[in-house]
Novice: 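The structure that follows is given in the form of structure tokens.
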Amino acid sequence: MTKVRVTKTFSFEMAHALYGYDGPCKNIHGHTYYLSVTVIGEPLQNAKHPKNGMVIDFSELKKIVTECVVEDADHALVLNARSPHNKIPGLKKHFDKIVFTEYQPTCENLLLGFKNKVEKKLPPQIKLFSMKLQETPSSFAEWHSTDN
């Protein structure tokens, strides 16, 4: 059987700061992120099944990525847990969505964190093929299964 790749793209607004960074991104700032998720599998070959011909229903992929990435990330402030930001008095009291990560929230690390979450939720016959996280119109990070 022939394998087919299926891709869905998501967008969300998120702010972050890079603790200890030597440039302007050490300050809290935001981006409109675009996350493309590509899965690979064999299209279902069952004429009696409503999903006949699909690798995965786009709505199922949307549900998975929305639940494990977009709902947590959209309009959140993401900070390194080792940064002094988590000691700012009243920070969590004044903001609803602050996420402290165990890693520096760079585009690359955010992408790997999202990859780990999505990969765990996919049906067993579907494999994560690649992900791309675009942080600005000209800057993005990519992960490909074939590189790993």
Side-chain angles (χ1 to χ4, degrees), residues 1-21 23-83 85-86 91-92 95-148:
M1 187 58 158
T2 303
K3 295 197 180 223
V4 175
R5 297 177 200 163
V6 174
T7 302
K8 186 146 183 69
T9 301
F10 304 83
S11 67
F12 53 91
E13 308 297 325
M14 194 179 78
H16 68 152
L18 301 182
Y19 174 59
Y21 184 65
C25 292
K26 67 183 174 188
N27 299 302
I28 294 172
H29 62 287
H31 302 280
T32 299
Y33 285 90
Y34 294 94
L35 177 66
S36 296
V37 178
T38 301
V39 297
I40 189 169
E42 295 178 357
L44 180 64
Q45 298 300 310
N46 180 345
K48 295 180 181 182
H49 196 284
K51 309 288 188 199
N52 185 41
M54 293 183 182
V55 170
I56 187 171
D57 191 322
F58 282 113
S59 66
E60 184 180 357
L61 185 55
K62 179 181 180 180
K63 183 179 186 292
I64 291 168
V65 177
T66 298
E67 287 178 0
C68 64
V69 175
V70 178
E71 287 177 359
D72 292 337
D74 190 37
H75 285 83
L77 170 57
V78 181
L79 301 167
N80 186 324
R82 294 185 307 270
S83 78
H85 295 102
N86 61 11
L91 186 67
K92 286 196 169 195
F95 299 99
D96 294 333
K97 288 179 84 172
I98 300 176
V99 176
F100 287 101
T101 61
E102 294 303 314
Y103 52 80
Q104 182 78 303
T106 61
C107 189
E108 298 90 335
N109 285 336
L110 289 165
L111 175 65
L112 292 174
F114 298 158
K115 174 207 111 26
N116 292 337
K117 290 179 180 182
V118 170
E119 210 166 34
K120 290 177 187 174
K121 298 291 185 180
L122 290 172
Q125 75 278 13
I126 307 297
K127 300 298 177 208
L128 188 59
F129 182 78
S130 66
M131 290 179 72
K132 176 181 174 181
L133 183 62
Q134 189 164 347
E135 191 172 82
T136 70
S138 62
S139 303
F140 59 88
E142 289 183 283
W143 173 89
H144 287 265
S145 61
T146 56
D147 296 338
N148 295 282

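Hydrogens, waters and symmetry mates are skipped; everything else that's a heavy atom, side chains included, is used.
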Novice: Could you list all the salt bridge (charged side-chain N to carboxylate O under 4.0 Å, His left out) pairs where at least one residue sits in residues 38-55, not counting sequence neighbours?
Specialist: K51-D57
Novice: Applying side-chain hydrogen bond (donor to acceptor under 3.5 Å, both in side chains), name anything that partners K26, two or more places apart in sequence or on another chain.
Specialist: none
Novice: Output every pair passing ring pair (Phe, Tyr, Trp, His ring centres under 6.0 Å) with a member in residues 46-83, not counting sequence neighbours, ordered by first then second residue.
Specialist: none
Novice: List for me each residue that meets salt bridge (charged side-chain N to carboxylate O under 4.0 Å, His left out) alongside E119, sequence neighbours excluded, and say none if there are none.
Specialist: K115
Novice: Can you list every pair that meets ring pair (Phe, Tyr, Trp, His ring centres under 6.0 Å) and has a residue in residues 27-47, with sequence neighbours left out?
Specialist: F12-Y33, H16-H29, H16-H31, H29-H31, H31-Y33
Novice: Among T32, V99, V78, which one satisfies side-chain contact (heavy atoms from CB on, under 4.5 Å) with M14?
Specialist: V78
Novice: Checking D72 now: which residues fulfil side chain to side chain contact (heavy atoms under 4.5 Å, CB included) with it, not counting sequence neighbours?
Specialist: K117
Novice: Please name all residues satisfying side-chain hydrogen bond (donor to acceptor under 3.5 Å, both in side chains) with T7, sequence neighbours left out, ordered by chain then number.
Specialist: T38
Novice: Listed by chain and number, what are the side chain to side chain contact (heavy atoms under 4.5 Å, CB included) partners of Y103, not counting sequence neighbours?
Specialist: T101, N109, L110
Novice: Tell me, which pairs form a side-chain hydrogen bond (donor to acceptor under 3.5 Å, both in side chains) where one or both residues lie in residues 61-71, sequence neighbours left out?
Specialist: K63-E67
Novice: Can you name the residues that form a side-chain hydrogen bond (donor to acceptor under 3.5 Å, both in side chains) with T9, not counting sequence neighbours?
Specialist: S36
Novice: Tell me, please, which residues at least two apart from E60 pass side-chain hydrogen bond (donor to acceptor under 3.5 Å, both in side chains).
Specialist: none
Novice: Name every donor-acceptor pair, under 3.5 Å, that has one atom in a side chain of residues 137-148 and the other anywhere in the protein, sequence neighbours excluded.
Specialist:
{"from": "S139", "atom 1": "OG", "to": "T136", "atom 2": "OG1", "distance (Å)": "3.1"}
{"from": "S145", "atom 1": "OG", "to": "F129", "atom 2": "O", "distance (Å)": "3.2"}
{"from": "N148", "atom 1": "ND2", "to": "H144", "atom 2": "O", "distance (Å)": "2.8"}

